Amino acid sequence: MDFEDSDEGDEDWSKPVNDGDGSFCSNTRNSPKVSDLNFPKKISTDIEHPRTIIHIDMDCFYAQVEMIRNPSLRHVPLGIQQKHIIVTCNYPARAIGVTKLMTIKDAKTKCPSLIMVSGEDLTEYRKMSYKISEYLLKYTKKIERLGFDENFLDVSELVNSRVSKESPSQFSGHLYGIQDNKADLSGLKQCGCGCYQRIMLASNIAQEIRDGLYNDLGITCCAGISYNKLLAKLAGEKHKPNKQTTLLPEFTLQLLHSLPSTRNIPGIGYGMSKRLRVLDIDSVLDLYNYNQEKLITEFGQQTAKFLKDISAGIDHTPVVRYGLPQSISDEDSYRDLNNIKDIEKEIDILVDNVLKRVVEDGRNPQTLRVTIRKSILKDDKLVIDYGNRESRQCPLSQTIFNNKDTSTWKTPIVELAISLLNKMVDVTKPFHLTLINICFTKFLKTCSKDISTFFSSPNSKPTNSENDEFFTQRTSSSTKISPAKGIESFFANNPTLNFHKEKRDIKAVGRQNGMVGFFKNGGKRKESESNKNNDDSKRAKLDTIFLLTHQSHQFLIHQNYKI
DNA sequence: CGGGGGCCTT
DNA sequence: AAGGCCC
Ligand SMILES: Nc1ccn([C@H]2C[C@H](O)[C@@H](COP(=O)(O)OP(=O)(O)OP(=O)(O)O)O2)c(=O)n1
Ligand SMILES: [Mn+2]
């Protein structure tokens, strides 16, 4: 059970783990009022929990957007269709047994009366997604998006400023590990770091947020409230839909170790879980109990520590403020595109669609990428190989975008896209495409002439390295137009490995990234890499640009104003 | 069984 | 250019 006995000589990562005895959070003493509650004996987690995190996850997101657009769909089983699959469905449909990502055939078998609405065009979902994130900015600017329907909020500052004045007295919604949410909690020993009151207040704030989202946007969601991102997200899944769950540190291990699979951890994907399976690690508890040295041998220091931390609920990765998108793409899948005319027609459509969004965004992309998927011939039959994607990219001459008439942009880009495609497809031989994706990336920063002067204040530099806020914004990998000083490369350069192509010797492949998926990019940014967008000192200067219409400009305004 | 997006790292 | 992860 314990893993501290096997980690002699490795002070590094035995430190953050506190296995309970003598810890702040030890909860093993008599709890007179709630002696019937099953408190865990071992409280392995961080000693302190200074942050307060809320995770928001919309209910059956695409389906809900369609139900808002057409309320008559609310009371019928509804599936959102993308080609042959039901990507998601409303809760009436789930009650009948329809699940997310089910094939149409299976869904119709389960539920013949299933109403289907096409969800191949994500425009409306994307719009609602950003409305939600923007609404949440009202509470804190420290918001990280994950997909279209999830947001992490670091409400630490808000909580700290309110907690002393308000001294909250009850939790809103469910409390993980407590059956009756009206239970008398006075016997529950509170963590010595003071997080009990903070998390309690955050649960009230989460309720406010959810009420606000419903009143303003008519949308319902779940929330998880805890002291780090991992736990907030996992907590929120405990009660669905339209509910919220709060997780206190005393119950962290209980939650984690009740998870049946390491796949339940965001960041442990198909490949990693398969590698863990080889070591006989199936559950998070298995991981928690696994010998540390062996884990290091298998995965290297960084990843091993990361896995162990996760299994104990330790996650210090910051909420990274979202910014403008790093890429804008559109794709479609096909049964079989086998002639050039059809391909050119589809590319034309895709480029047209995605360019509209690029124009709305207002930044100019510097790179165009085309991705395709080919079906392969197997036993005389065309079979789609889903692993097989190829892509080609090229730089985009900025002269394309010099013309103010944006309708002129399409033709040269379609031609570039076709030439990229020709690098992958020998059109003199038979071919069969099943997917095309057109993606614009490497955006130029939004502040060309009209706006750049608003951000050139000399004393705009952050002075305090402790100020977490400034260093946890998503680094714009877009090119900076002006000063271009000191662009240091600072990412770790670890050998990589392919998790699920493990046909051959898994051990020989080497170490991978260290930070597992979801938690990557958690580190602080160098000052020179920080966006200048968020400097409060320049807020006043934004008054005059309120009329700008591009999304990238609107975003700057949003980020700098209190709404 | 098989959408349509996104993010980051190597 | 590819691969891993997320929704
Ligand atoms: N592999 C996936 C996963 C998700 N989505 C889309 C459809 C979902 O509506 C949305 C949000 O994903 P969730 O996993 O949060 O699922 P839902 O919001 O639909 O349902 P739930 O109520 O369980 O959160 O993202 C997708 O297209 N493909
Ligand atoms: Mn959701």
Side-chain angles (χ1 to χ4, degrees), chain A residues 55 57-58 60-62 79-88 99-107 118-123 125-126 129 144-152 229 233 263 265-275 302-303 317 320 322-335 350 353-354 357 367 369-373 375 383-394 420 423-424 434-441 474-475 477 489-501 509-523:
Chain A
H55 176 256
D57 182 338
M58 311 316 295
C60 57
F61 184 53
Y62 294 180
I80 302 302
Q81 179 176 200
Q82 286 173 336
K83 299 295 189 296
H84 298 294
I85 68 165
I86 298 294
V87 62
T88 192
T99 67
K100 295 187 265 187
L101 304 179
M102 192 176 244
T103 60
I104 301 289
K105 203 158 61 105
D106 291 351
S118 171
E120 289 167 21
D121 183 347
L122 304 189
T123 305
Y125 315 139
R126 187 181 291 109
S129 175
E144 179 175 340
R145 291 164 53 82
L146 187 61
F148 279 7
D149 86 322
E150 295 186 21
N151 290 273
F152 293 94
K229 288 202 289 176
K233 182 169 164 59
R263 282 295 318 256
I265 299 292
I268 299 184
Y270 177 80
M272 178 55 90
S273 70
K274 270 193 92 176
R275 293 193 64 188
Q302 274 210 322
T303 300
T317 61
V320 178
Y322 76 95
L324 295 164
Q326 307 286 310
S327 62
I328 296 179
S329 66
D330 194 0
E331 73 182 56
D332 205 347
S333 59
Y334 314 93
R335 229 177 53 75
L350 291 171
N353 288 337
V354 72
R357 287 203 276 140
T367 301
R369 178 167 61 235
V370 176
T371 305
I372 62 167
R373 186 182 61 199
S375 55
V383 175
I384 300 177
D385 179 1
Y386 292 94
N388 175 344
R389 283 166 134 94
E390 294 176 77
S391 71
R392 294 292 185 273
Q393 56 185 316
C394 69
L420 288 172
K423 294 184 180 184
M424 298 180 279
T434 61
L435 177 143
I436 304 176
N437 178 298
I438 303 289
C439 181
F440 290 101
T441 60
R474 206 181 297 278
T475 308
S477 45
S489 115
F490 59 94
F491 285 114
N493 225 351
N494 295 330
T496 188
L497 94 174
N498 306 331
F499 283 142
H500 76 253
K501 304 221 163 172
V509 191
R511 309 183 357 238
Q512 86 280 15
N513 189 336
M515 299 280 228
V516 175
F518 174 69
F519 302 100
K520 66 191 179 297
N521 192 26

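All values derive from a computational prediction rather than experimental measurement. Computed over heavy atoms, backbone and side chain alike; hydrogens, waters and symmetry mates excluded. By convention in this document, chain letters (A, B, ...) are assigned in the order of the sequence lines, proteins followed by strands, and residues within each chain are numbered from 1.
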Testing dG4(B), dC6(C), dC7(B) for proximity to the side chain of R263(A), the answer is dC6(C)
Which is true for D106(A) with a 4.0 Å heavy-atom rule: it touches a base, it touches only sugar-phosphate, or it touches nothing? nothing
Whole angstroms only, please: what is the CZ-P distance between F440(A) and dG6(B)? 12 Å
Can you classify the ring geometry of F148(A) versus Y62(A) as parallel (below 30°), tilted (30 to 60°) or perpendicular (above 60°)? tilted
Proximal nucleotide (of dC5(C), dC6(C), dG3(B)) relative to the L146(A) side chain: dC6(C)
Take the protein atom OH of Y62(A) and the nucleotide atom C1' of dG5(B), then report the distance between them rounded to whole Å. 6 Å
Contact nearer the 5' end of DNA chain B, comparing I384(A) with I328(A): I384(A)
In whole angstrom, what separates I85(A)'s CD1 from dC1(B)'s P? 14 Å
Give one of base, sugar-phosphate or nothing for D332(A), where a contact means two heavy atoms less than 4.0 Å apart. sugar-phosphate
Does Q393(A) get its side chain close enough to the base of dA1(C), under 3.5 Å, for a donor-acceptor pair? yes
Do any side-chain nitrogens or oxygens of R389(A) fall under 4.0 Å of OP1 or OP2 in dA1(C)? no
For the pair made of CZ in R145(A) and P in dG5(B), what is the distance, rounded to whole Å? 14 Å
Which whole-number value in Å describes the distance from Y386(A) OH to dA2(C) P? 20 Å
Reckon I265(A) touches a base, only the sugar-phosphate, or nothing at all at heavy-atom distances under 4.0 Å? sugar-phosphate
Report the residue (T103(A) or K83(A)) whose heavy-atom-nearest nucleotide on DNA chain B is the more 5′ of the two. T103(A)
Atom-to-atom span, CG of D149(A) to C1' of dG4(B) - whole angstrom: 14 Å
What are the two closest non-hydrogen atoms of I268(A) and S273(A), and how far apart are they? CG2-N, 3.9 Å
Counting heavy atoms from C-beta on, name the nucleotide in dG4(B), dG3(B), dC5(C) closest to the side chain of Y270(A). dC5(C)
dC6(C), dC7(B), dA1(C): which one has an atom nearest the side-chain heavy atoms of S327(A)? dC7(B)
Any donor-acceptor pair under 3.5 Å linking the side-chain atoms of S327(A) with those of R369(A)? no
Nearest-angstrom distance from the residue atom OH of Y322(A) to C1' of dG6(B): 15 Å
Among dG5(B), dA1(C), dG3(B), find the nucleotide with the atom closest to the side chain of R392(A). dA1(C)
Indicate, with a heavy-atom threshold strictly under 4.0 Å, whether R369(A) touches base, sugar-phosphate, or nothing. nothing
Checking side chain to side chain contact (heavy atoms under 4.5 Å, CB included) for the pair V320(A)/F152(A): CA distance, chi angles, key distance, verdict? CA-CA 9 Å; V320(A) 178; F152(A) 293 94; over 6 Å; no
From the set dC8(B), dG4(B), dG3(B), return the single nucleotide nearest to any side-chain atom of Q326(A). dC8(B)
Looking only at side-chain atoms of E331(A), point me to the closest of dG4(B), dG3(B), dA1(C). dG4(B)
Side chains of L420(A) and C394(A), heavy atoms from C-beta outward: is any pair under 4.5 Å? yes
Please determine whether side chain to side chain contact (heavy atoms under 4.5 Å, CB included) holds for the pair D57(A) and E150(A), giving the CA-CA distance in whole Å, both sets of side-chain angles, and the decisive distance to 0.1 Å. CA-CA 5 Å; D57(A) 182 338; E150(A) 295 186 21; 3.3 Å; yes
Could you tell me which non-hydrogen atom of A107(A) sits nearest to which non-hydrogen atom of I86(A), and how far apart they are? CB-CG1, 3.8 Å
Give one of base, sugar-phosphate or nothing for E120(A), where a contact means two heavy atoms less than 4.0 Å apart. sugar-phosphate
I104(A) atom CD1 is separated from dC1(B) atom P, nearest whole Å, by 15 Å
For dC1(B) and K105(A) - does any side-chain N or O of the residue sit under 4.0 Å from the phosphate oxygens OP1/OP2? no
Describe the nucleic acid contact of R373(A) in one word from base, sugar-phosphate, nothing, applying a heavy-atom distance below 4.0 Å. nothing
Looking only at side-chain atoms of S329(A), point me to the closest of dC7(C), dG6(B), dG3(B). dG6(B)
